[in-house]
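Only this structure's heavy atoms are used, side chains among them; waters, hydrogens and symmetry mates stay out. If you're wondering where the values come from, they're calculated on a predicted model, not measured in any experiment.
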Amino acid sequence: MNILTEKFNTPYHAAPFNSIKNEDYLPAFKELIQKSEEEITAIISNPEEPTFENVIEALAYSGEQLDRASNIFFNLNSAETSDELQQIAQEVSPILTEYSSKIAQNEALFNKIKKVYDQKDQYDLNEEQRMLLNETYKGFVRSGALLNEEDKEKLKKISMDLSLKSLQFGQNVLASTNNYFRHITNKEDLAGIPEAILEQYAEEAKERNLEGWVVTLQYPSYIPFMTYAENRELRKELTLANGRKSFDGGEFDNQNLIKELLQLKQQKAELLGYKNYADYVLEERMAKSPAKVIDFLNELLTKAKPYAEKEVEELKSLAKADGIDEMQGYDHAFYAEKLRKAKYDLNDEELKPYFPLNQVQDAVFGLANTLFGLTFEERNDIPKYHEDVKVYEVFEAGSEKPEDGSDYSEKTFKSLLYVDYFPRKGKRAGAWMTSYKSQYTTAGENSRPHISIVCNFSKPTKDTPSLLTFQEVTTLFHEFGHALHGMLADTQYPTLSGTSVKWDFVELPSQFLENFCYEPEFLKTFARHYKTGDVLPDEKIEKIAQSKNFMEGYQTLRQIGFGLLDMNYHTKVEELQNKTVKEFEDDYTKETQLYPTNAETAMSPSFSHIFQGGYSAGYYSYKWAEVLDADAFQYFKENGIFNPEIATKYKVLLSSGGTKDPMELYKSFRGSEPKVESLLKRAFG
């Protein structure tokens, strides 16, 4: 018996992590693919006239077990990977891609879908059903259903190559990140670095059986070093190492892989009738076209650049006082922290004792309770994939007391929530939200989702709990915003549930929630010293609120640079073939660069968001969503940040998933379309 092919005998049918063996995966995928194909065959061979129910709906509910096994495997490959898992991924990815292509290009199935689509006016469909029908039809067309047989085969091969090469890109970045560490034996080289960080570096050294201290390229190690280390030469060395990730011509170099990936995407787009991959992607986004995205980014660039230049000039003045005539990129974080301290009397190490992880988590849970009536109860009997992971049951409070005086309705189960906060060698860098099980409704039963948040915060030591920088506080709120989108999902079909929305709408819930971190009224409820219990002093809280826009111009310019680079990569593939990746990167980020570039470094070879993740031709969506979140939070600010009526309307937006056009959803919540001015006002006053 293979546990992945059976109904899970766990609470809420949660993933049975403690019982899955690596050798289960490949046979499970093969068996579940066969089972899913049988479900498709049943749809095709149904002798009855094609209808919405027996074609579109049946297809939407098919392949559930395969989806669950895929979610388990690929989530673990990101959060708790190993050489063996990575090898399995290399075998599994082409099998799954071939299966997807086979379904997407199944002529008999598409003919049934097309027949229902062509007759859609004859059906009495609700809004969600119409959306499902349109998205299903479009999805098949965009996957090559209208191509001839020869081109279908070409597309299938391209898709398989893309799948494997994207996987390889991510594995190279992970290996390149893990391969570097800086062993330091002279404590003077660590001048300026706070004790808590030194303790972390000492623990890292101990794990490697070394004396002294070890700094790595993992963010909880690298970022504090760049922020506090007075040793400029070491800052330079670490920056060069970080910028050489998968860009050193060695075994894990990604430069050729970038060109291959982009060529494959271009071929795919042309095969499907699009000018380039960005045109293909943006057809299904709120932005609609590359021209609109580039205009949007350039408008922000024009507004933000003068602010960014002014900010960097301030830093250069500080650096000049230290005898640095030409400031470099590796000086930025160090002098930004100095300036932040001078302006706001804030530094991360002073603030961290007020933000122990458990308190920050309690705060975000409490906010979810205030706004949406959610409660969180830890479960110790639900399997988890690593001892650091915690699992919570999420409940929604019962309704208000009925007018007839009868009892309150009972709380209802909404979701499982897994949280995985600390870095380790098998986990990729960064932070993300993901799902182990989708929400959907069938046969009158609302099957609830299983959601996960994965971060890389500093681990607790023997003397101190995990203490978060303020940026890490906002990171947790960001990912929890995504998690709320998943946990509150309340739709009929899994393909329209939770975060299954247009990609440039998906960051709204995450970025929206970050706003609360800067509200004094809210901060006072949880920013308490982990030893004394003292609340963070009012003047510090005010400084945090004031510091919200610190270096906003610089950060905006940086994000615009990433967005423009991404858009140009996916519209100018031919031009890239005549340049090195470094030359191309420099050409399309030069307008956003405020420091000299270094010939030895490039960020593209480790730009996992667009070459491994889902942000290809979509990185702009972070700034796009900022317009949405600034406008949405302005609505709350005008009416009270905990306003129950507005929170209820916002909850409807979250729970609706992809069942409606995102702009229509937003207008239903806000009463109007979002305004760019809301972002500019928040950022620059």
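In this structure, Tyr569 and Phe584 have parallel ring planes: the angle between them is below the 30° cut-off, well short of the 60° mark. Ring geometry for Phe516 versus Phe512: interplanar angle over 60°, hence perpendicular rather than tilted (30 to 60°).
By the 6.0 Å contact criterion, NZ on Lys681 is open, its count of non-hydrogen atoms from other residues, nucleotides or ligands being 12 or less. Atom NZ of Lys341 has more than 12 neighbouring heavy atoms from other residues, nucleotides or ligands inside a 6.0 Å radius. Within a 6.0 Å sphere centred on CD of Glu574, other residues, nucleotides and ligands contribute 12 heavy atoms or fewer. For CG of Asp83, the number of neighbouring non-hydrogen atoms (other residues, nucleotides, ligands) closer than 6.0 Å is 12 at most. Within a 6.0 Å radius of CD in Glu211, other residues, nucleotides and ligands contribute 12 heavy atoms or fewer. Remark: Lys637 NZ is loosely packed, at most 12 non-hydrogen atoms of other residues, nucleotides or ligands lying under 6.0 Å away. Environment of CZ in Arg340: crowded, with over 12 heavy atoms of neighbouring residues, nucleotides or ligands closer than 6.0 Å. More than 12 heavy atoms of other residues, nucleotides or ligands sit less than 6.0 Å from atom NZ of Lys259.
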**Request:** Evaluate the ring-ring contact (aromatic ring centres under 6.0 Å, His included) criterion for residues Phe522 and Tyr518: first the C-alpha distance (whole Å), next the side-chain angles of each, then the deciding distance (0.1 Å), finally the verdict.
**Result:** CA-CA 8 Å; Phe522 179 57; Tyr518 296 92; over 10 Å; no

**Request:** Kindly indicate, with the supporting measurements, whether the criterion side-chain contact (heavy atoms from CB on, under 4.5 Å) is fulfilled by Glu80 and Lys427.
**Result:** CA-CA 5 Å; Glu80 183 61 7; Lys427 184 197 282 192; 5.7 Å; no

**Prompt:** For Asp331 and Lys338, what are the C-alpha separation, side-chain angles and deciding distance, and is it a salt bridge (Lys or Arg N to Asp or Glu O under 4.0 Å)?
**Reply:** CA-CA 11 Å; Asp331 298 313; Lys338 269 195 168 187; over 6 Å; no

**Request:** Could you walk me through whether Glu472 and Lys352 pass salt bridge (Lys or Arg N to Asp or Glu O under 4.0 Å), step by step?
**Result:** CA-CA 10 Å; Glu472 288 173 329; Lys352 278 168 72 172; 5.8 Å; no

**Request:** Tell me, with the steps shown, if Lys590 and Asp586 meet salt bridge (Lys or Arg N to Asp or Glu O under 4.0 Å).
**Result:** CA-CA 6 Å; Lys590 64 186 175 190; Asp586 286 349; over 6 Å; no

**Message:** For a side-chain contact (heavy atoms from CB on, under 4.5 Å) check, start with the C-alpha distance between Thr461 and Gln200, then their side-chain angles and the critical distance, and finish with the verdict.
**Reply:** CA-CA 7 Å; Thr461 66; Gln200 178 188 321; 5.6 Å; no

**Message:** As a quick check of understanding, evaluate side-chain contact (heavy atoms from CB on, under 4.5 Å) for Arg232 and Asp322, giving each step before the final call.
**Reply:** CA-CA 11 Å; Arg232 192 176 186 224; Asp322 284 351; over 6 Å; no

**Message:** Using side-chain contact (heavy atoms from CB on, under 4.5 Å), reason through Ile193 and Glu230 one step at a time and then give a plain yes or no.
**Reply:** CA-CA 8 Å; Ile193 295 174; Glu230 293 170 9; over 6 Å; no

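What you find for Ala617 and Ala278 is that their closest heavy atoms are CB-CA, 3.8 Å. Scanning all heavy atoms of the two residues, the minimum distance from Ala287 to Asp504 falls at N-OD2, 2.9 Å. Summarising the geometry of Glu507 relative to Ser621, their closest heavy-atom pair is CB-O, 4.4 Å, with the distance given to 0.1 Å.
A donor-acceptor contact under 3.5 angstrom links the side chains of Gln218 and Asn178, judged on distance only. Defined by atom type and a distance below 3.5 Å, a donor-acceptor pair is missing between the side-chain atoms of Tyr219 and Gln471. There is no side-chain donor-acceptor pair under 3.5 Å between Asn347 and Glu349. Side-chain contact annotation: Lys572 with Asn276, donor-acceptor N/O pair under 3.5 Å absent. For the residue pair Thr469 / Asp348, no side-chain donor-acceptor distance below 3.5 Å is found, with atom types taken as modelled. Side-chain contact of Glu585 with Ser604: a donor-acceptor pair under 3.5 Å is present, judged by distance alone.
Remark: side-chain polar atoms of Asn456 are paired, donor with acceptor, to backbone N or O of Arg428 under 3.5 angstrom. The backbone N or O of Tyr228 lies less than 3.5 Å from no partner atom in the side chain of Glu337, so there is not a single donor-acceptor pair. Within the 3.5 Å criterion, the main-chain N or O of Tyr622 finds a donor-acceptor partner in the side chain of Gln511. Without hydrogens or angle criteria, Lys582 side chain to Thr601 main chain gives a donor-acceptor distance under 3.5 Å. Judged by distance alone, the side chain of Ser176 and the main-chain N or O of Val173 form no donor-acceptor pair under 3.5 Å. Formation of a donor-acceptor pair under 3.5 Å by the Thr81 side chain with backbone atoms of Gly426 is not found in this model. Remark: the backbone N or O of Ile294 is not paired with any side-chain donor or acceptor of Tyr620 at under 3.5 angstrom. At distances below 3.5 Å, not a single donor-acceptor pair connects side-chain atoms of Asp388 with backbone N or O atoms of Phe422. A donor-acceptor pair is defined here as one N or O able to donate and one able to accept, closer than 3.5 Å; no such pair exists between the side chain of Glu479 and the backbone of Cys455. Thr556 contributes a side-chain N or O that, together with a main-chain N or O of Glu552, makes up a donor-acceptor pair within less than 3.5 Å.
Remark: Phe365 CZ to Phe526 CZ distance equals 13.5 Å, nearest 0.5 Å. His570 NE2 to Leu576 CG: the interatomic distance, rounded to the nearest 0.5 Å, is 10.5 Å. For the atom pair OH of Tyr277 and CG of Leu262, the computed distance is 10.0 Å after rounding to the nearest 0.5 Å. With rounding to the nearest 0.5 Å, the separation of CD in Glu260 from NZ in Lys265 is 12.5 Å.
The pair Glu203-Lys462 fails the salt-bridge criterion, with no side-chain N (NZ, NE, NH1 or NH2) lying under 4.0 Å from an Asp/Glu carboxylate O. Salt bridge status for Glu350 with Lys540: present, with a side-chain N to carboxylate O gap under 4.0 Å. Comment: Glu539 does not engage Lys543 in a salt bridge, judged by the lack of any side-chain N to carboxylate O separation of less than 4.0 angstrom. Using a 4.0 Å cut-off between charged nitrogen and carboxylate oxygen, Arg528 and Asp534 do not count as a salt-bridge pair.
Taking 4.5 Å as the limit, every side-chain heavy atom of Thr597 sits out of range of all side-chain heavy atoms of Thr589. In this structure the side chain of Thr592 never reaches within 4.5 angstrom of the side chain of Arg558, judged on heavy atoms. Within the 4.5 Å cutoff, side-chain heavy atoms of Tyr222 are placed close to those of Thr239. The shortest distance between side-chain heavy atoms of Asp566 and His609 does not fall below 4.5 Å. The shortest distance between side-chain heavy atoms of Asp629 and Leu513 does not fall below 4.5 Å. Counting heavy atoms from C-beta outward, Val573 and Gln263 have side chains that approach closer than 4.5 Å. The closest side-chain heavy-atom distance from Tyr421 to Ser466 is not below 4.5 Å. You'll find the side chain of Phe225 reaches within 4.5 Å of the side chain of Leu234, heavy atoms only.
Each of Tyr615, Phe562, Phe247 was checked for a ring-ring contact (aromatic ring centres under 6.0 Å, His included) with Phe607, and the lone residue meeting it is Phe562.
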Can you give each donor-acceptor pair under 3.5 Å made by side-chain atoms of residues 301-310, sequence neighbours left out, with the distance rounded to 0.1 Å?
| unit_1 | atom_1 | unit_2 | atom_2 | d |
| --- | --- | --- | --- | --- |
| Thr302 | OG1 | Asn298 | O | 2.9 |
| Lys305 | NZ | Glu591 | O | 2.8 |

